[in-house]
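What follows is a short report on a single structure.
Along the sequence shown, the residues carry numbers beginning at 1.
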Amino acid sequence: MTRKRVVKHDGSSSAASKVQGSTKVQKEARPSRRWLKRGVLAIVVVLFLVPFLQKKLPELIQHLVYSHRIRVPFFVDLSRPADLSLNHTINMYLTSEEGISLGVWHTVPDRQRKEAQGKDLAWYQNTLRDGSPVFIYLHGNTGTRAATHRVGVAKVLSALGYHVLVPDYRGFGDSTGEPTETGLTTDALYLYNWVKARSGSSLVIIWGHSLGTGVGTNTAVKLSERGEHVDGVMLEGAFNSARQQIPVHPFSWYYWKFPGVGYFFPEPWAENKVVFPTEENLKKMRCPILFLHAEDDHLVHIAIAQQMHEVAVSAQNAERVKLVSFDGSLGYLHNGLYRDSHLPDIIKKFVLSL
């Protein structure tokens, strides 16, 4: 016969249960206290950090806007443009102001490729007087003059029989200094004057891309204020800080996208740190202008270029201001227009109209 085991419950098991219950409550209380401490610490950090960042973050973002420290492509010797198949190009350094050395490439027309081999800086400077149009290409906010699309533009212009000068602004590439809007404009203005002093009666045309459109229009207005007018200005992927607010500003992808960030940390361009008043500049410019824009530009919507085209036409007329858009199905985005097979003819037509 099987016996049932009888287990007697006494007070000891009840006491153990109470101890376990007490321990469980204590364990639950500890995380709560830890979270409370962390919460208090976070509040203290925010109270001290927010005022500090309100002052410093715009300056930090200003550096991010220019992205001058992202020196792509990597491992390229900027003093050797021939490494990028630009073997009819010389590298030089110009002093735009005290303490600022600008790295600049000068590519001569392709027809002079063979003659250019082994030539020195003096030879290259003398070629600027050969009557061929001269382009000053002002690049965008990331990388150096060795970027693929910038080299591509230089090759297109050279093949058309034009001179091309491509500088790296202060702080970009192997140029010294730190970038500011005033500084970049000073660099572009210096290079323009340097070219004009050596190019005789040759046409001098400014081609700005992205950030370079702001630098280019700033430069054109500065010259206009002195009673001088640029022969022509090309604006590729032009942005407009007056109408492009967060989050559609072309540089907003650098900006923290948290709720309320605009209240605590004003955009750097809101306090005249990064202005580039392209729209206002266009109202003052009195030179032929050609806008180039891809319909699928992912940084600056085509509508922005259309708006600025209208502003420029109102300031001058439809004969002197043109807009050429490129179908979005071509996939050029913000940097790829140099690949278009029709671009050489578009450029040539613009130059012949000057």
Side chain to side chain donor-acceptor pair (under 3.5 Å) against [X], all qualifying residues, sequence neighbours excluded:
X: Arg111; result: Ser132
X: Lys283; result: Glu280
X: Ser329; result: Asp327
X: Glu310; result: none

So, using salt bridge (Lys or Arg N to Asp or Glu O under 4.0 Å) as the criterion, who are the partners of [X] when residues are at least two apart?
X: Asp231; result: none
X: Arg129; result: none
X: Asp345; result: none

Heavy-atom closest pair, residues [X] and [Y]:
X: Val104; Y: Pro167; answer: CG2-CB, 4.0 Å
X: Val230; Y: Cys287; answer: O-CB, 3.1 Å
X: Ser210; Y: His334; answer: OG-NE2, 2.8 Å
X: Tyr338; Y: Leu343; answer: CA-CD2, 3.7 Å
X: Ile347; Y: Met234; answer: CG1-CE, 4.0 Å
X: Arg145; Y: Val166; answer: CD-O, 3.5 Å

Thr213 and Phe276: CA distance, side-chain angles, deciding distance, side-chain contact (heavy atoms from CB on, under 4.5 Å) verdict: CA-CA 9 Å; Thr213 63; Phe276 294 111; over 6 Å; no
Decide yes or no for [X] and [Y]: does some side-chain heavy atom of the first lie under 4.5 Å from some side-chain heavy atom of the second?
X: Leu165; Y: Met92; result: yes
X: Leu138; Y: Ile206; result: yes
X: His209; Y: Val153; result: no
X: Ser175; Y: Ile100; result: no
X: Trp207; Y: Leu157; result: yes
X: Ile289; Y: Arg320; result: no

What about [X] and [Y], same hydrophobic cluster or not, with Ile/Leu/Val/Met/Phe/Trp/Tyr joined at side-chain heavy-atom distances under 4.5 Å?
X: Val151; Y: Leu292; result: no
X: Leu223; Y: Leu94; result: yes
X: Leu282; Y: Val324; result: no
X: Phe291; Y: Val351; result: no

Candidate pair Leu354 and Phe350, rule side-chain contact (heavy atoms from CB on, under 4.5 Å), full reasoning: CA-CA 7 Å; Leu354 302 178; Phe350 178 66; 4.0 Å; yes
Pair His139 + His149: ring centers closer than 6.0 Å: no
Summary of ring pair (Phe, Tyr, Trp, His ring centres under 6.0 Å) pairs that have at least one residue in residues 102-123, sequence neighbours excluded: His106-Tyr124, His106-His163
side-chain hydrogen bond (donor to acceptor under 3.5 Å, both in side chains) partners of residues 217-226, not counting sequence neighbours, each pair once: Glu181-Asn218, Thr185-Asn218, Asn193-Arg226, Thr217-Asn281, Asn218-Asn281, Arg226-Glu228
Where at least one partner belongs to [range], residue pairs that pass salt bridge (charged side-chain N to carboxylate O under 4.0 Å, His left out), sequence neighbours excluded:
range: residues 285-297; result: none
range: residues 77-91; result: Arg80-Asp83
range: residues 182-194; result: Arg170-Asp187

Verdict with supporting geometry, Tyr93 and Thr176, side-chain contact (heavy atoms from CB on, under 4.5 Å): CA-CA 10 Å; Tyr93 297 96; Thr176 62; over 6 Å; no
Leu84/Thr89 under side-chain contact (heavy atoms from CB on, under 4.5 Å): CA gap, chis, key distance, verdict: CA-CA 10 Å; Leu84 299 170; Thr89 300; over 6 Å; no
